[in-house]
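Reviewing the structure listed below.
Hydrogens, waters and symmetry mates are skipped; everything else that's a heavy atom, side chains included, is used. For clarity, every value in this text was computed on a predicted model and none was experimentally measured.
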Amino acid sequence: MASDWDVLVALAGAKFSVSVLANGEARFRQELPPEELVESAAARIRPILLEKDPCSHWKALAGLGYFCRSMPHETAWVKEARAEWQARTAAAPARETGYRVMIGDTATGHTADLGDQELAWAWIYGDVVHHDTDRRREADPFGLSERFRAAVPLVAWSMVGTIELLNYIRALQADGVLGLRPDVFDQKVVLETTTWEATGRVFAAPVDTPAPADALTPYDKRWIVISSAADLRRAAG
């Protein structure tokens with residue numbers, strides 16, 4: 001999802017189209033990514049969303065605020081970023097941030113309504129990461145589709161906010177403000193290929209021969225190097 005910035009930002013904005021039909025009704029349409037893609041993204045950003053997690057967005061902002069405490073411009077940026085993150089990711093926001101879904105059963109008179117963020121968190125913790133029975137019970141009447149379409153903007157926006165924070169940290173690092181270890185910016189977090197390949201030597205020994213004590217201990221004479229089918233037969237014999 002993060003490979004196309006413009007698409008990611010559009011998903012975060014929860015855009016949808018409205019078409020007026022000849023009979024006076026309207027058709028609403030919202031294009032969303034495959035569910036598996038959003039599930040993967042949600043699992044990756046979950047530690048960032050959890051306030052108590054060591055790599056949470058809140059703790060990153062708190063650390064950044066400490067380093068920049070004597071820099072008015074950066075302090076204002078951190079304060080604004082913190083307020084926006086709270087407004088966009090809170091499970092129970094203090095005010096409306098997007099939309100509400102209202103449903104009713106004319107036969108029973110039962111009604112229910114939930115905001116988009118409540119539905120989004122119900123998808124993350126009820127459908128994907130955990131089976132939170134309370135969230136699922138509250139959001140079940142709205143169906144999986146409503147929970148999913150609410151979750152996509154939350155996941156996408158969290159990714160946008162995280163990428164922007166990382167870029168801001170990189171800029172401060174380049175300016176010499178932070179002084180973080182350079183290697184923290186070089187650690188791989190995404191595989192370039194899912195094909196595993198390595199080069200080495202093959203050893204074989206009789207059954208029950210103990211392996212070397214560690215990676216630096218040489219193989220003893222009971223182990224032979226396998227370089228041909230004949231070597232393999234000899235080791236087996």
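- Using a 4.5 Å cut-off between side-chain heavy atoms of Ile, Leu, Val, Met, Phe, Trp and Tyr, Phe28 falls into a hydrophobic cluster with Phe16, Val18.
- Atom CG of Leu119 is separated from atom CD1 of Ile124 by 11.5 Å, given to the nearest 0.5 angstrom.
- Note: His57 and Trp85 have parallel aromatic rings, judged against thresholds of 30 and 60 degrees for the angle between ring planes.
- Note on Val184 and Phe67: same hydrophobic cluster, where clusters join Ile, Leu, Val, Met, Phe, Trp and Tyr whose side-chain heavy atoms are under 4.5 Å apart, directly or indirectly.
- Looking only at side-chain heavy atoms (C-beta outward), Leu49 and Ser158 come within less than 4.5 Å of each other.
- Closest non-hydrogen pair, Ala120 versus Ala150, comes out as CB-O, 3.4 Å.
- Distance check, rounded to the nearest 0.5 Å: CZ of Arg27 to OG of Ser17 gives 9.5 Å.
- Considering CD1 of Ile169 and CG of Leu64, their distance stands at 5.5 Å, rounded to 0.5 Å.
- Atom-to-atom distance recorded for Gln173:CD and Asn167:CG is 13.5 Å, nearest 0.5 angstrom.
- A 4.5 Å side-chain heavy-atom check between Leu11 and Val160 finds every atom pair outside the cut-off.
- No chain of hydrophobic side-chain contacts below 4.5 Å, direct or via other Ile, Leu, Val, Met, Phe, Trp or Tyr residues, connects Leu154 to Leu114.
- With values rounded to the nearest 0.5 angstrom, Gln86 atom CD is found 7.0 Å from Glu51 atom CD.
- The structure places CE of Met102 at 9.0 Å from OG1 of Thr111, a figure rounded to the nearest 0.5 Å.
- For the pair Arg137 and Asp134, the salt-bridge criterion is met [side-chain N within less than 4.0 Å of a carboxylate O].
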Go through it in stages, so that I can follow the logic: the residues are Val128 and Val38, the test is side chain to side chain contact (heavy atoms under 4.5 Å, CB included), and I'd like the CA-CA distance, side-chain angles, deciding distance and then a yes or no. CA-CA 10 Å; Val128 179; Val38 184; over 6 Å; no
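- In the hydrophobic clustering of ILVMFWY residues, with side-chain heavy atoms under 4.5 Å counting as a link, Trp5 and Val152 come out together.
- Side-chain contact between Met1 and Met159 is present, with at least one heavy-atom pair separated by less than 4.5 Å.
- By the 4.0 Å N-to-carboxylate-O rule, Asp127 lies close enough to Arg147 to be salt-bridged with it.
- A donor-acceptor distance shorter than 3.5 angstrom exists from the side chain of Thr75 to the backbone of Met71, with no hydrogens or angles considered.
- Within a 6.0 Å radius of CG in Asp208, other residues, nucleotides and ligands contribute 12 heavy atoms or fewer.
- Under 4.0 Å is where a charged nitrogen must lie from a carboxylate oxygen, and between Arg82 and Glu80 no such pair does.
- Considering every non-hydrogen atom in both Ala14 and Pro153, the closest pair reads CB-CG, 3.6 Å.
- Taking the side chain as every heavy atom from C-beta outward, Thr162 and Ile45 never approach each other to under 4.5 Å.
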Given the rule in the salt bridge (charged side-chain N to carboxylate O under 4.0 Å, His left out) test, do Glu31 and Arg29 qualify, once you have shown the distances and angles that lead to the verdict? CA-CA 7 Å; Glu31 298 287 346; Arg29 184 178 180 85; 2.8 Å; yes
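- Following chains of ILVMFWY side-chain contacts shorter than 4.5 Å, one can reach Val225 starting from Trp223, so the two form part of one hydrophobic cluster.
- Leu165 approaches Ala60 most closely through the heavy-atom pair CD2-CB, 3.8 Å.
- Taking both residues in full, the closest heavy atoms of Trp121 and Thr89 are given as NE1-O, 2.9 Å, listed atom of the first, atom of the second, then distance.
- The closest donor-acceptor contact from the side chain of Asp4 to the backbone of Asp6 lies under 3.5 Å.
- Using a 4.5 Å cut-off between side-chain heavy atoms of Ile, Leu, Val, Met, Phe, Trp and Tyr, with links allowed through other members, Tyr219 and Ile226 fall into different hydrophobic clusters.
- For the pair Thr209 (side chain) and Pro206 (backbone), a donor-acceptor distance under 3.5 Å is present.
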Steps toward side chain to side chain contact (heavy atoms under 4.5 Å, CB included) verdict (Glu35, Leu37): CA-CA 5 Å; Glu35 188 175 11; Leu37 194 64; over 6 Å; no
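- Within the 6.0 Å centre-distance limit, the rings of Phe148 and Trp123 are counted as a close aromatic pair.
- A side-chain donor-acceptor contact under 3.5 Å links Lys59 to the backbone of Lys52.
- Contact of the Arg222 side chain with the Pro210 side chain is registered, since non-hydrogen atoms from C-beta on lie closer than 4.5 Å.
- Between the side chain of Glu146 and the backbone N or O of Gly143, no donor-acceptor pair lies under 3.5 Å.
- The nearest pair of heavy atoms linking Gln117 to Ala87 is OE1-O, 3.0 Å.
- Counting heavy atoms from C-beta outward, Ile48 and Asp53 have side chains that stay 4.5 Å or more apart.
- Remark: Arg135 is not positioned above the aromatic ring of Phe142, lacking an NZ or CZ atom under 6.0 angstrom from the ring centre and at most 45 degrees off the axis.
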Start with the C-alpha gap between Arg44 and Val155, add the side-chain angles, then the distance that decides, and say whether side chain to side chain contact (heavy atoms under 4.5 Å, CB included) holds. CA-CA 10 Å; Arg44 281 183 174 271; Val155 172; over 6 Å; no
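- Side-chain contact between Phe185 and Leu180 is present, with heavy atoms from C-beta onward closer than 4.5 Å.
- Side chains of Val9 and Trp157 form no contact here, defined as non-hydrogen atoms less than 4.5 Å apart.
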